[in-house]
2 protein chains.
Amino acid sequence: MNDVAAAAGVALKTVSRVVNNEPGVNIATAERVQAAIDRLGYRRNDSARTLRSGRTASIGLVIEDVADPFYSGLSRAVEDLALRQGYLVFTGSSGEDPARERELVLAFCARRVDGLIIVPAGTDHGYLSPEFDAGIAAVFADRPPGTGCDADTVLCDNAGGAQAGIRHLISHGHRRIAFFADSPAIFTATERLYGYRQALAAAALPYDEGLVAMGPPEQARVQAGLERLLAAPDPPTALLTGNGRTTVAILRALSALPSKPVRHGGRLTDLVGMAVVGFDDFELADVLGITVVAQDPSGLGRTAAELLFRRMSGDVGPSRRVELPTRIIARGSGEVPPRQGGKGAS
Amino acid sequence: MNDVAAAAGVALKTVSRVVNNEPGVNIATAERVQAAIDRLGYRRNDSARTLRSGRTASIGLVIEDVADPFYSGLSRAVEDLALRQGYLVFTGSSGEDPARERELVLAFCARRVDGLIIVPAGTDHGYLSPEFDAGIAAVFADRPPGTGCDADTVLCDNAGGAQAGIRHLISHGHRRIAFFADSPAIFTATERLYGYRQALAAAALPYDEGLVAMGPPEQARVQAGLERLLAAPDPPTALLTGNGRTTVAILRALSALPSKPVRHGGRLTDLVGMAVVGFDDFELADVLGITVVAQDPSGLGRTAAELLFRRMSGDVGPSRRVELPTRIIARGSGEVPPRQGGKGAS
DNA sequence: TTGAAAGCGATACCAA
DNA sequence: TTGGTATCGCTTTCAA
């Protein structure tokens, strides 16, 4: 900037004014400065700007995994909104590791991001206190903050969504419905289990622990669980999954089962005569004909970003908690009637 | 840092030494400083550090769209490698808009990132010259740089992959093979078209422009193209897509066609008796039984990051160009024999 | 082993 | 409308 000032024959401060479009600069002067800027290929150093002004115009986003379509949809929404406001986004994947979440968050804080959007992996966020004291804004998305932290939160209606999914299956005649979800340590999984139980209770159906399989959505584990259930004396006639990863694992497991004659159309779930509702929509769910409880990952990201920007522009009210609705998208797999007469192919 | 120094009763420089784990500090002193750091909740300001040292320990990543699984896979690989080296990643989606690509890149440069990984949307990268002069490192991924720029590049073997896909279909008896790809303006689409033509020529098959449909992978456009082809007097018996998005659109279009009786298994492509090979693997391709030419998005990201870090640590050799191999994954849809006897159901 | 002083490149504030 | 100067928080360099 010094060089530009020298080249244009003005003071440093005048260049600063031009670069920042501040009012009160003679047009002729501004043009002369601009010419010097272009000629020298000058670009403002935002580190220096940051150091002086205290604002970095950047935010940090910690998610579980960018490669998971749910989180990449969320990411994209955050990014779009941030960019429109002139903010840049640091992105990091925690991989469900609380230590890595903390590391990322603190690294972002050291870079002096103005705000954070966090999908927490850990359950203790006391480590954020000094950062809050230092004036950083934070919003939690998809899962609430753990202990030692109070901040805006945007969630899906997890319990409500699971409840609606089960109600849907019950309305199609199912009474024995399995639930495959992520580890109970994960907030959303537990909430959805709660919704599952509520819906059963509301329909006066018994809660059978044997029908519930929770854990990491690994193919082998899910497949073993499914096979165990199907081999049981009184197998379920329907199944609700607890997230997109699990849905995929279930579909893979179903398609790996010894195939049965197909009756009508090429729908996958017809192969085992089991109704399936997936929690979270996914690409090709329409092609596969899979009924889902759709969440709104973009909405989650957008809302989180909106809340964050509101905080960053000075809102100091009590922390909010927003819950986004889910909706059932019926595509066939959730509308299959219960298979008659015990186990095996129909 | 000043406060910490005062609290610990040492000089600023000593605190700096402790914070940066520099050698030559008395253990007792270091402990006293550390205690003060903890007590005050002090965290180093990386903006100031950057300003003085000139290194930000961050890189910028510009991709087409984080929400596209291909790019989110690439992102994740870049992120992992960067984090392991202590670097943070700014991510931005260009959405195939050259202006937005440029905007993002320049914004990253203003933040003084140490390096850039770019999936270019534009075809002119002369705007990078001043940045290169300023010492920034850049690697292009998935597509080469446009005019006015010479930099390391990591690509997939696009032509070779398409060629292999076509050879695969030819080996299963197909002679009229359609090609659905992205706009010819996109590097990878053109390369793959080239591979398609090469493979046809190598098998002494004619190149029929009527079998090629290139353009944005929008559902309506792809579907119309497919219907036009199927209604033609001499319809293709097989089809190669040019990317994942197009594959999904084709599958959706196929499943939207009036359904035909199913013979064996629930495979989608049996419905129209058309063989399908998709360029780029995707989740559930195994469940749907879709044969693909698999790329390696993680490998692309990893290699790009490796090249970048090599440059950032001082490698000044001539620019490299790495090409990653593709491989065919046969899952059924690409091994369907040509349908006999003209159009309509088999 | 420790410290003092200069300076990175911008902005804030006040003066002209 | 313009300019000068202090300063942001740290690292670098040199001296003690």
Side-chain angles (χ1 to χ4, degrees), chain A residues 1-34 36-37 40-58 86 106-107 109-114 130-131 133-136, chain B residues 1-34 36-37 40-58 86 106-107 109-114 130-131 133-136:
Chain A
M1 192 173 265
N2 241 322
D3 299 345
V4 174
V10 296
L12 179 64
K13 178 64 221 183
T14 302
V15 179
S16 171
R17 287 199 177 95
V18 173
V19 168
N20 295 295
N21 289 315
E22 279 174 38
V25 179
N26 187 301
I27 289 195
T29 314
E31 273 169 5
R32 197 148 38 88
V33 171
Q34 191 56 55
I37 287 175
L40 272 60
Y42 165 82
R43 216 88 69 188
R44 180 177 61 198
N45 183 327
D46 278 344
S47 300
R49 176 195 179 73
T50 287
L51 178 58
R52 195 64 183 88
S53 68
R55 291 184 61 262
T56 55
S58 57
L106 293 181
C109 289
R111 297 284 198 298
R112 292 298 187 270
V113 296
D114 299 319
E131 312 303 336
D133 293 344
I136 206 166
Chain B
M1 194 173 264
N2 239 322
D3 298 346
V4 175
V10 297
L12 180 64
K13 177 65 223 186
T14 302
V15 179
S16 171
R17 287 199 178 95
V18 172
V19 169
N20 295 297
N21 289 315
E22 281 173 38
V25 180
N26 187 300
I27 290 195
T29 314
E31 273 170 5
R32 198 148 38 89
V33 171
Q34 190 57 53
I37 287 175
L40 272 60
Y42 166 82
R43 215 88 69 186
R44 180 177 61 197
N45 182 330
D46 278 344
S47 300
R49 176 196 180 73
T50 287
L51 179 58
R52 195 64 182 86
S53 68
R55 291 185 59 264
T56 55
S58 57
L106 293 181
C109 289
R111 296 283 197 299
R112 292 297 186 272
V113 296
D114 299 319
E131 311 304 335
D133 293 344
I136 205 165

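Proteins get letters first, then strands, A, B, ... in listed order; numbering begins at 1 in each. The basis for the numbers below is simple: all heavy atoms, side chains too, and nothing from hydrogens, waters or symmetry mates.
Remark: B:Asn26 engages B:Ala28, B:Thr29 in a side-chain contact (heavy atoms from CB on, under 4.5 Å) (not counting sequence neighbours). Here B:Arg52 pairs with nothing under the side-chain contact (heavy atoms from CB on, under 4.5 Å) rule; sequence neighbours left out. Annotation: side chain to side chain donor-acceptor pair (under 3.5 Å) contacts of B:Glu31 (sequence neighbours excluded): none. In this structure, A:Arg32 has no salt bridge (Lys or Arg N to Asp or Glu O under 4.0 Å) partners at least two apart in sequence or on a different chain. In this structure B:Thr50 satisfies the side chain to side chain donor-acceptor pair (under 3.5 Å) test with no other residue, sequence neighbours excluded. The salt bridge (Lys or Arg N to Asp or Glu O under 4.0 Å) test applied to B:Arg55 returns no partner, not counting sequence neighbours.
In this structure, A:Arg111 places its CZ atom 14 Å from P of D:dC10, rounding to the nearest Å.
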>> Apply side chain to side chain contact (heavy atoms under 4.5 Å, CB included) to residues B:Cys109 and A:Arg43 and explain how you reach the verdict.
In response: CA-CA 8 Å; B:Cys109 289; A:Arg43 216 88 69 188; 5.5 Å; no
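Contact between B:Val4 and B:Val33 at its shortest, heavy atoms only, is CG1-O, 4.1 Å. Shortest non-hydrogen contact noted between A:Leu51 and B:Ser47 is N-CB, 4.4 Å.
Taking five base pairs at each end of the helix from C:dT1-D:dA16 to C:dA16-D:dT1, the local helix axes there meet at an angle of 30°, rounded to 10°.
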Pairs: protein N or O with nucleotides 6-9 of chain D N or O, under 3.5 Å:
| residue | atom | partner | partner atom | Å |
| --- | --- | --- | --- | --- |
| D:dT7 | O2 | A:Arg52 | NE | 2.6 |
| D:dG9 | N2 | B:Ala48 | O | 3.4 |

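At a non-hydrogen distance threshold of 4.0 Å, B:Val10, B:Ala11 from residues 2-11 of chain B come into contact with DNA chain C. Of the residues in residues 14-30 of chain B, those with a non-hydrogen atom less than 4.0 angstrom from any atom of DNA chain C are B:Thr14, B:Arg17, B:Gly24, B:Val25, B:Asn26, B:Thr29.
Contact of the A:Thr56 side chain with the A:Arg111 side chain is not registered, since no non-hydrogen atoms from C-beta on lie closer than 4.5 Å. Using a 4.5 Å heavy-atom threshold, the side chains of B:Val113 and B:Ile136 count as touching. For the pair B:Glu131/B:Leu106, a side-chain contact is recorded, criterion being any heavy-atom separation below 4.5 Å from C-beta on.
Interface limits on DNA chain C: the 5'-most and 3'-most nucleotides within less than 4.0 Å of chain B heavy atoms are C:dT1 to C:dG9.
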For residues 6-24 of chain A, which side-chain donor-acceptor pairs fall under 3.5 Å, sequence neighbours excluded?
| residue | atom | partner | partner atom | Å |
| --- | --- | --- | --- | --- |
| A:Asn20 | OD1 | A:Arg44 | NH1 | 2.5 |
| A:Asn20 | OD1 | A:Arg49 | NH1 | 2.8 |
| A:Asn20 | ND2 | A:Ser16 | O | 2.8 |

